[in-house]
Amino acid sequence: VNPGVRCGILAVAAVVLGACAFVPRPNPRLDEARTALERASADSRIAVDGAAELAIAAEGLRHAIAAHDGLDDPARVDHLAYVAKQRVAIATEAARLRASRQVEGLLVTSSADPTCAGGKCRGDASVAGRRITVFPGGRSTSP
Amino acid sequence: MRIRDGGNLLIALATVGCAANPPVEQLASSERAIAAAVAEDAEALAPRDLHLARFKLDLSRRWLAAGDHEPARWLAEQAQIDAELARLKAAAAKSGKAPAR
């Protein structure tokens, strides 16, 4: 083969291989965390009652993505992605905890409220949530 | 040969130097998080997450003993967050049950 052509092929190969080394490989843990955050954010109950925790989770995911894009140690990216994913789970649980405490608060007040027939209020958690936010006292049971 | 050994030693020192401070405080907060989860009955209500937290804390201590501080820190951080999740799960489980009774 013509030495010039061979040199050209080698140069192209070097560029292609070199480019591969500087592109972050897909990271399944990062994808998991991203999916979990998207799913939780789409759930209005978590987005409202777990807003603070969800914001921390989003911040954690940004850290993980930055580390990934910066070609950081994959083990560190895995770690940051795991932490972000667990923070999404924490947001979910925090939202559930707040919602159930609000329902609890409503049940206590409902016995004194003649317009609220026990079984109906108990079943309608979203109504319960909205009712309680009207009273500042209902919030005080949240951590 | 001598120079190469010196170079290796330098690299080793630099690597150790980067992860110099042991994650002692992080380990302490992980322990507190586990204790808080136990106090919230996570032993019965969120056993898997609590077990994970304890397992990682144990691993973290082993990395620390081996002098590798970075994985020790990561594992301790994960142990803390697993314990926090266990505590919240237990609290939510209790809170969800209470009005039904």
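Only a predicted model underlies this, so the values are computations on that prediction, with no experimental measurement involved. Numbers restart at 1 for each chain; the letters A, B, ... are given by sequence-line order, proteins then strands.
- A single hydrophobic cluster is seen to contain both Ile46(A) and Leu61(A), as judged by linkage of ILVMFWY side chains at heavy-atom distances under 4.5 Å, directly or through other members.
- In this structure, the separation between CD on Glu70(B) and CZ on Arg76(A) is 7.5 Å, given to the nearest 0.5 Å.
- Neither the backbone nor the side chain of Ala99(A) comes within less than 4.5 Å of any heavy atom of chain B.
- For the residue pair Ser95(B) and Leu97(A), the shortest heavy atom distance occurs at CB-CD1, 3.7 Å.
- Note on Leu64(B) and Ile34(B): same hydrophobic cluster, where clusters join Ile, Leu, Val, Met, Phe, Trp and Tyr whose side-chain heavy atoms are under 4.5 Å apart, directly or indirectly.
- Each of Leu45(B) and Ile81(B) belongs to its own hydrophobic cluster when Ile, Leu, Val, Met, Phe, Trp and Tyr are linked at side-chain heavy-atom distances under 4.5 angstrom.
- Note: Leu88(B) CG to Glu53(A) CD = 7.5 Å, rounded to the nearest 0.5 Å.
- Residue-environment remark: CZ (Arg96(A)) stays at or below the threshold of 12 foreign heavy atoms within 6.0 Å.
- Under the 4.5 Å side-chain heavy-atom criterion for Ile, Leu, Val, Met, Phe, Trp and Tyr, Leu71(A) and Ile65(A) are members of distinct hydrophobic clusters.
- To the nearest 0.5 Å, the span separating NE2 on His79(A) from CZ on Arg73(B) amounts to 9.5 Å.
- Between Leu85(B) and Ile90(A) the shortest heavy-atom distance is CD1-N, 3.7 Å.
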